[in-house]
Each structure stands twice: as C-alpha cells, then as structure tokens.
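Side-chain atoms are counted along with the backbone in the values below, which use heavy atoms only and exclude waters and symmetry mates.
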Amino acid sequence: ETLPKEAVDRLQTIQRAVNDVAATVARMREFYRPRESLQKFAPVQLNELVRQVVGLTQVRWSDMPLERGIAIDLRTELASRLPPVMGIDHELREALINLVFNAVDAMPKGGTLILRTLSDGADRVLLEVADSGVGMDEEARRRCLEPFFTTKGERGTGLGLAMVFGVAQRHGADIDIQSAVGVGTTFRLGFAAVPDYSAPAPQTGTLPAVSRRILIIDDDPVLLRSLHDALSVDGHRVIAANGGEDGINSFNAAQSSKDPFDVVFTDLGMPYVDGRQVAAAIKAKSPSTPVVMLTGWGQRMHDDGESPPNVDKLLGK
C-alpha cells in the first residue's frame, strides 16, 4: 500500500538525519582512531592521488558554483618524478577531498584553487592546497584543526579539518597553515619520502598526455556512474548529465564559461530529447566540438553504413 505523501516526507527527513549523524560519527572516528599498523601502509603516488581527487570533487568546485554563476579556476601544479610516500591511499584521498571542499567553501564569490606537489630535494614530499578565498584571522588559523571548531555556522560540523589532522598524525606528516583575511589560505602537508626511491620510466598508455574535460549524457544512472569513474581515474575531468535536456543545458553553460567541454559522449535512445537532438544542438553551438554517440545499436548502425548527422564517432555499448 502506498504511503501518504506526508508520511513519505517525514521518513525521508528521518533518513537524512540518520545519514547525517552516521557521517558525523564516521568523521569523529577519523579524528581519534589510532594509527593503523604499518603493515597496511604502502607507497602512494601523491600526483596520482591529486588527479583522482580533481575528478571526484568536480561537482563541488565546478558544477555547483557554475549553477550559481560563480567560477572557480582549479589548477594543478604537479612536480615531475615525485617520490612516493608511505600511507593508506583511501585515507589520504579523503583528507585531500576535505581540504578541497574547505577551500571551495572559502570562495563564495569564486576564485582560484591550486593543488600542488613539491619535493624539497632531500627527504620530504609536500602537498599543498591553496585558495584565494576569505582567509582566516590568527585565532581561526590556530584553532581550525580543533574538533567542532567552525566558522561556517550551522553549515559546518567542525570535523572536516580535524579529520585531516588525524590522518596527518597517523601518517607522521606535519601541517603548515598560512592564511590572511581577504587574501586566502594555503594548507601544506609534509610527508617523509620513501627512502632510496628510484622513479620508474614513464609508461605509455597509463595516463592521457592531456587531461580532457568530458561531458557524458545518458539516462542510465548506473552507466553514467561507471563511465564517470573510469574516465576520472584516467585523469580526465568528467561531468555526467542525466538525459538530453540536462546535457544540452550543461554544455551551453560550459560554453558560456571559460571552461568548455573538449568532447561530448551521448546516448542515442533517451526520452524527450534523444541523442540526435543532442548532437544537433551541440554542433549548432560549437561545430568543432567532437560528439561521440553511445548506443546499443552501434554495431548494427556501423554495419549498415548508417552515420547519424552531427556525430563524429559511433560506439556500441
């Protein structure tokens, strides 16, 4: 039997509250959990970690700000032949995600966000997250790593940076925070490099020579998630749009910004606005943007010699 709408709304509110509490408890555990056994530590490439986090956080630093007419320019400055550090990759990734989110929140009117890796030429590897945001006064700078300390009012739990501190402690990393009101903030994590590390020769085919900004349009959420994750791990910046109309709107918004898409992947069969309409709209706006059509009928269309207009490449699912 279908529940009344009021009951469904209440249940959804309860579910959100439970999820929020669970997330808060998880962050608290990240702060006070003791250091993992060293047997679980493994060499971690911070450059690769930065590339992953750029893709995983794109909704927060690109999509959501653009919806409000705000532009955040994210840049990566990655040192070549950077030695690895010993650590637990998922913990370091989560800490970096928290630093990116914190930097985005500090730039409500937009600005520049830089993710940077450096080697001091001796035995230290540095990871920096720098923003051009509102900055902190001296008291906030001194206290920002404390659990439950926040300058965000009801929007903040005060656990994000405390979790970063906990991860740094477990990894034997030091934290340096430089900040000035109205200028911005730089968080720097310093790790011990793996001793006697000899960087392997670059392998071809493991990462793209150039990171592309990619738009994927489909009405299948499972496929969208899979494609998004696979392309993001390869170092690309990926936006997923649920359906043709949403895809066209995302493309037009990007064209109006300073960060347009390099290529568009679109499904063929979608309700309301199908792939042919999407391709036509994109080519009308930007004839030089490559459009790749994904469809379950791709092989048959290819065998029949059918080439949809405004499509540069046809791929079967």
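R93 is linked by a salt bridge (Lys or Arg N to Asp or Glu O under 4.0 Å) to nothing, counting only residues two or more places apart in sequence or in another chain.
Counting heavy atoms of neighbouring residues, nucleotides and ligands inside a 6.0 Å radius, atom CD of E128 exceeds 12 of them.
Using a 4.5 Å heavy-atom cutoff, the side chains of S62 and I72 are not in contact. Inter-residue side-chain proximity for L126 and L189 is flagged as unmet; no heavy-atom pair is nearer than 4.5 Å. No side-chain heavy atom of V291 sits less than 4.5 Å from a side-chain heavy atom of N310. Using a 4.5 Å heavy-atom cutoff, the side chains of S250 and L215 are in contact.
With rounding to the nearest 0.5 angstrom, the CG atom of L92 is 11.0 Å from the CD atom of Q52. Taking CG from L78 and CG from L46, the interatomic distance works out to 10.0 Å, rounded to the nearest 0.5 Å. A distance of 10.5 Å separates CG in D131 from CG in L115, rounded to the nearest 0.5 Å. The line from CZ of R116 to CG of N47 is 13.0 Å long, rounded to the nearest 0.5 Å.
V263 and I217 are not part of a single hydrophobic cluster, where members link through side-chain heavy atoms under 4.5 Å apart. Under a hydrophobic-cluster definition in which Ile, Leu, Val, Met, Phe, Trp and Tyr are linked whenever side-chain heavy atoms come within less than 4.5 Å, directly or via other members, I239 and L294 are assigned to different clusters. Both M86 and I88 belong to a common hydrophobic cluster when Ile, Leu, Val, Met, Phe, Trp and Tyr are linked at side-chain heavy-atom distances under 4.5 angstrom.
Contact check on D105 versus R60 returns a salt bridge, with a Lys/Arg side-chain nitrogen under 4.0 Å from an Asp/Glu carboxylate oxygen.
Note: F251 and F261 have parallel aromatic rings, judged against thresholds of 30 and 60 degrees for the angle between ring planes.
In this structure, I248 and Q277 approach most closely via the heavy-atom pair CD1-O, 4.3 Å. The two residues I216 and H228 come nearest to each other via the heavy atoms CD1-N, 3.9 Å. The shortest non-hydrogen separation linking D262 to T289 is O-CG2, 4.2 Å. Between L118 and A79, the closest heavy-atom pair is CA-CB, 4.1 Å.
Counted by atom type alone, R141 and T185 present zero donor-acceptor pairs between their side chains at under 3.5 Å.
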